[in-house]
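The model shown is predicted, which means the values in this text are computed figures rather than measured ones.
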Amino acid sequence: MFRSQTKKSRLLSNEDVTYLIDRADDKFKHGQFSDAVHHYDAVLKRAPNNFRALHNKGLALFALSKFEKSIECYDRALGIKPNASHVKLNKAISLNSSRKFQAAKVCWMSLYDMPRRTKKHSTPGLCQNSTSVLIPKGCKTSKKPYKLIPPTLWPGITSDVSTSA
């Protein structure tokens with residue numbers, strides 16, 4: 001009987017974690033980024049290696065312009081899933097936003113070495129819209145055409161930067 005009670009309490013705690021993540025995601029979707037960060041912190045108290053909470057907390061911190069803290073969350077998430085390309089991309093964008101252009105390029109170029117799922121997305125690159133915002137190639141955020149900007153032409157990047165991580 002004791003074992004079944006322990007198993008039930010573990011299930012309840014897993015349900016609690018899922019509930020907290022869902023609440024945090026809901027806060028994030030409604031632009032309440034600070035509240036979302038608090039909910040993700042509550043999740044990480046119960047499950048310190050929760051990949052989804054770490055990644056989404058990084059996104060919320062980025063939205064609050066807390067680039068250094070978002071990079072820390074992305075690094076922790078990459079410690080759990082090193083081949084998560086979406087996390088590497090978000091880390092590169094955070095590094096770029098915090099004006100760490102060389103590190104952003106290295107992070108971005110590490111995506112070249114990752115295994116590809118499809119040939120459709122085989123050419124990494126950033127595009128620039130009319131407001132000079134760097135976005136991932138292929139994103140359709142408006143009907144305006146985008147101009148491809150290779151990493152070697154990013155602001156502050158020199159061509160002699162090593163691409164090793």
Side-chain angles (χ1 to χ4, degrees), residues 21 24-41 43-44 47-165:
I21 290 176
D25 290 347
D26 189 51
K27 296 285 185 186
F28 184 90
K29 288 175 188 173
H30 289 93
Q32 299 169 347
F33 304 116
S34 185
D35 290 341
V37 169
H38 291 299
H39 285 304
Y40 291 127
D41 284 337
V43 170
L44 293 170
N49 292 324
N50 187 295
F51 176 80
R52 180 176 163 198
L54 286 167
H55 178 246
N56 291 352
K57 180 182 175 185
L59 293 172
L61 289 166
F62 178 84
L64 293 169
S65 298
K66 296 181 179 181
F67 305 122
E68 295 300 321
K69 289 184 178 183
S70 71
I71 293 166
E72 290 173 16
C73 287
Y74 297 142
D75 284 337
R76 285 181 59 197
L78 288 169
I80 298 165
K81 292 186 181 179
N83 290 329
S85 59
H86 62 293
V87 179
K88 283 190 178 188
L89 175 62
N90 290 329
K91 180 182 175 183
I93 293 169
S94 290
L95 288 165
N96 187 58
S97 297
S98 63
R99 307 195 56 78
K100 295 181 179 180
F101 301 119
Q102 303 291 6
K105 179 184 178 187
V106 169
C107 187
W108 179 258
M109 296 303 288
S110 71
L111 291 169
Y112 277 105
D113 300 329
M114 296 185 69
R116 307 268 188 267
R117 283 195 223 167
T118 65
K119 292 184 179 181
K120 181 180 177 184
H121 302 296
S122 63
T123 309
L126 290 182
C127 300
Q128 185 174 17
N129 65 11
S130 60
T131 59
S132 299
V133 174
L134 296 175
I135 61 167
K137 180 182 176 189
C139 286
K140 296 178 181 175
T141 57
S142 75
K143 294 182 181 180
K144 296 180 182 180
Y146 293 96
K147 177 174 77 174
L148 178 65
I149 300 177
T152 54
L153 298 179
W154 290 1
I157 300 297
T158 59
S159 59
D160 62 344
V161 175
S162 169
T163 58
S164 61

Roughly how far, to the nearest 0.5 Å, is the [atom2] atom of [Y] from the [atom1] atom of [X]?
X	Y	atom1	atom2	answer
Phe67	Arg99	CZ	CZ	11.0 Å
Cys73	Leu44	SG	CG	7.5 Å
Lys57	His38	NZ	NE2	10.0 Å
Asn90	Ile71	CG	CD1	11.0 Å
Asn83	Lys88	CG	NZ	6.5 Å
Leu61	Asn56	CG	CG	11.0 Å

With Ser70, the side-chain contact (heavy atoms from CB on, under 4.5 Å) member among Ser94, Ser65, Ser98, Ser97: Ser94
Looking at Asp35, Asp25, Asn50, which one forms a side-chain contact (heavy atoms from CB on, under 4.5 Å) with Tyr40? Asp25
Student check: side-chain heavy atoms of Ile93 and Phe62 closer than 4.5 Å: yes
Quick one, Lys81 and Val87 - any side-chain contact, counting heavy atoms below 4.5 Å? no
Anything under 30° is parallel, anything over 60° is perpendicular, the rest tilted; go ahead and classify His86 against Phe51. perpendicular
Please determine if Glu68 and Lys100 form a salt bridge, counting it only when a charged side-chain N lies under 4.0 Å from a carboxylate O. yes
On a heavy-atom basis, the closest approach of Ala53 and Val43 is CB-CG1, 3.7 Å
Of all heavy-atom pairs linking Ala24 and His39, the shortest is CB-CB, 3.4 Å
Mark yes or no for whether Tyr74, through its side chain, and Gly58, through its backbone, hold a donor-acceptor pair below 3.5 Å. yes
